[in-house]
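Here the structure comes first, spelled out in structure tokens, and everything after it is commentary.
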Amino acid sequence: MAPDHPWHPTAGTEPAVQTLDRREGPYGEVVLRRRDPGAAGPHAPGPAGPVYEIIANGCFLMDTSDGRSERQLVDAALAALPPDRTRPSVLIGGLGVGFSLARAAGQPRWGRIAVVEREAAVIDWHRTGPLSAISGPALADPRTEVLHTDLVAHLREGTGQLAYDALCLDIDNGPDWTVTEDNGGLYSPAGLAACRDRLTPGGVLAVWSAQPSPEFERALGNAGFEGVRTEEIPVARGVPDVVHLALRSA
């Protein structure tokens with residue numbers, strides 16, 4: 001779905017850390033910032049160029065400095081599918097800075113690629129803003145469909161809706177650190193049941209997190225998933241990012 005209105009940078013000077021766009025939406029404020037080479041901070045760029053950051057309601061979500069764990073979210077889901085599953089479909093939620101979508105579009109094995117994003121601003125930054133450098137080819141891929149809707153609501157639409165072979169979910173800093181209170185429903189028993197029901201038999205649920213969550217692993221098992229495991233992705237500082245993986249029974 002096309003964004004609600006065209007992207008345009010906030011007028012003014014260009015300091016080392018610049019706010020490019022700031023919008024109020026139904027879920028609060030979202031901000032796109034650019035951190036130029038030489039700027040200080042925990043996500044400062046290297047010599048390759050600027051880093052773009054997405055902030056939601058004052059909470060840092062993600063940036064373009066690395067992307068390994070966002071790509072691994074897609075890689076791990078694809079690897080967990082049965083090898084004879086041809087042209088599997090994947091739902092990516094949300095769009096973020098575009099690393100997961102770009103990874104999926106770069107893998108010819110995937111068939112239908114749906115990406116859910118509830119923030120019109122984020123879609124806009126990818127279609128006509130600076131994040132198009134990451135996602136432009138993926139958005140132009142005929143397999144890709146962008147759904148401007150809330151992920152939790154989309155998963156709960158239920159009977160009669162299309163099922164997916166893989167769900168690659170990255171809408172929070174993890175099950176234990178949600179961006180908005182209503183996102184917590186995704187990790188509840190009802191939310192995990194909705195994820196299971198939107199998967200094909202043998203399908204894969206992959207959930208990104210900024211830290212391991214043994215409690216979430218237990219919740220996945222209690223929701224009827226099989227093969228629950230966690231893959232760690234080392235980061236420069238602190239605990240590793242992780243991808244929680246679980247399978248719907250065949």
Side-chain angles (χ1 to χ4, degrees), residues 43 54 59-83 85 88-107 109-110 113-117 134-135 138 151-152 154-155 164-179 183-184 186-188 191-196 198-200 202-249:
H43 303 281
I54 295 178
C59 176
F60 172 85
L61 281 186
M62 59 191 68
D63 65 22
T64 60
S65 63
D66 191 340
R68 282 177 298 167
S69 59
E70 292 91 339
R71 297 182 184 100
Q72 183 60 23
L73 177 70
V74 175
D75 291 349
L78 187 61
L81 284 170
R85 186 77 57 101
S89 59
V90 59
L91 173 69
I92 298 171
L95 181 53
V97 296
F99 285 134
S100 295
L101 172 60
R103 187 64 151 200
Q107 295 169 325
R109 185 182 167 193
W110 290 114
I113 302 171
V115 57
V116 168
E117 176 56 56
I134 296 172
S135 61
L151 175 65
V152 178
H154 178 69
L155 291 171
Y164 301 94
D165 295 297
L167 304 176
C168 296
L169 309 184
D170 178 11
I171 62 171
D172 295 298
N173 285 319
D176 304 322
W177 185 3
T178 60
V179 175
N183 277 3
L186 176 64
Y187 314 105
S188 69
L192 293 178
C195 290
R196 185 193 63 233
R198 292 301 294 271
L199 284 169
T200 58
V204 181
L205 172 63
V207 179
W208 185 94
S209 179
Q211 60 187 15
S213 176
E215 182 178 351
F216 184 59
E217 287 189 352
R218 290 191 292 272
L220 288 167
N222 291 338
F225 285 98
E226 301 178 349
V228 176
R229 60 188 176 89
T230 299
E231 291 192 4
E232 296 188 353
I233 302 95
V235 297
R237 292 174 294 276
V239 298
D241 294 339
V242 303
V243 175
H244 295 286
L245 293 162
L247 304 175
R248 177 174 176 173
S249 62

On a heavy-atom basis, which atom in [X] and which in [Y] lie closest, and how many Å separate them?
X	Y	answer
N173	F60	ND2-O, 3.4 Å
T178	P175	CG2-O, 4.2 Å
E232	V242	CG-CG1, 3.9 Å
A76	L245	CB-CD1, 3.9 Å
V90	C168	CG2-SG, 3.8 Å
A102	A138	CA-CB, 4.0 Å

Who passes salt bridge (charged side-chain N to carboxylate O under 4.0 Å, His left out) against [X], sequence neighbours left out?
X	answer
R218	none
E217	none
D241	none

- Message: Using a 3.5 Å distance criterion without hydrogens, assess whether the side chain of R109 forms a donor-acceptor pair with backbone atoms of R85.
- Response: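 At least one qualifying donor-acceptor pair exists.
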- Query: Judged by atom type as modelled, is there a donor-acceptor pair below 3.5 Å linking the side chain of S188 to the main-chain atoms of G191?
  - Reply: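 Yes; at least one donor-acceptor contact below 3.5 Å.
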Could you tell me whether the side chain of [Y] reaches within less than 4.5 Å of the side chain of [X], counting heavy atoms only?
X	Y	answer
V228	F216	no
V243	T230	no
I113	L101	yes

When rounded to the nearest 0.5 angstrom, what is the spacing between [atom1] in [X] and [atom2] in [Y]?
X	Y	atom1	atom2	value
H244	E231	NE2	CD	11.5 Å
L73	D170	CG	CG	6.0 Å
L155	C195	CG	SG	5.0 Å
L95	I54	CG	CD1	7.5 Å
L169	L91	CG	CG	6.5 Å

- Task: Report the C-alpha distance between W177 and D172 in whole Å, list the side-chain angles of each, state the deciding distance to 0.1 Å, and finish with yes or no for side chain to side chain contact (heavy atoms under 4.5 Å, CB included).
- Result: CA-CA 7 Å; W177 185 3; D172 295 298; over 6 Å; no
Tell me which donor-acceptor pairs under 3.5 Å the side chains of residues 203-211 have, and how far apart each pair is, sequence neighbours excluded?
from	atom 1	to	atom 2	distance (Å)
W208	NE1	S69	OG	2.8
S209	OG	Q211	N	3.3
S209	OG	Q211	O	2.6

- Message: Per the salt bridge (Lys or Arg N to Asp or Glu O under 4.0 Å) rule, what does the pair list look like for residues 89-102, sequence neighbours excluded?
- Response: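 Sorted result for residues 89-102: empty, none.
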- Message: Applying salt bridge (Lys or Arg N to Asp or Glu O under 4.0 Å) as the test, list every pair that has at least one member in residues 67-78; sequence neighbours left out.
- Response: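 Every salt bridge (Lys or Arg N to Asp or Glu O under 4.0 Å) pair that includes a residue of residues 67-78, provided the two are not neighbours, is D66-R68, D75-R103.
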- Just do the side chain to side chain contact (heavy atoms under 4.5 Å, CB included) check on I92 and V116 with the steps written out, would you? CA-CA 6 Å; I92 298 171; V116 168; over 6 Å; no
- Message: Is there a side chain to side chain contact (heavy atoms under 4.5 Å, CB included) between N183 and I171? Walk through the geometry before answering.
- Response: CA-CA 8 Å; N183 277 3; I171 62 171; 3.8 Å; yes
- Message: Could you tell me if Y187 and D176 have a donor-acceptor pair between their side chains, going purely by distance under 3.5 Å?
- Response: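 No, Y187 and D176 have no side-chain donor paired with an acceptor closer than 3.5 Å.
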- Does a donor on one side chain and an acceptor on the other come within less than 3.5 Å for R196 and S249?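 No, S249 and R196 have no side-chain donor paired with an acceptor closer than 3.5 Å.
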- D165 and L81: CA distance, side-chain angles, deciding distance, side chain to side chain contact (heavy atoms under 4.5 Å, CB included) verdict: CA-CA 8 Å; D165 295 297; L81 284 170; 4.2 Å; yes
- Query: For the residue pair Y164 and H154, does the interplanar ring angle fall in the parallel (under 30°), tilted (30 to 60°) or perpendicular (over 60°) class?
  - Reply: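 Rings of Y164 and H154: tilted, 30 to 60°.
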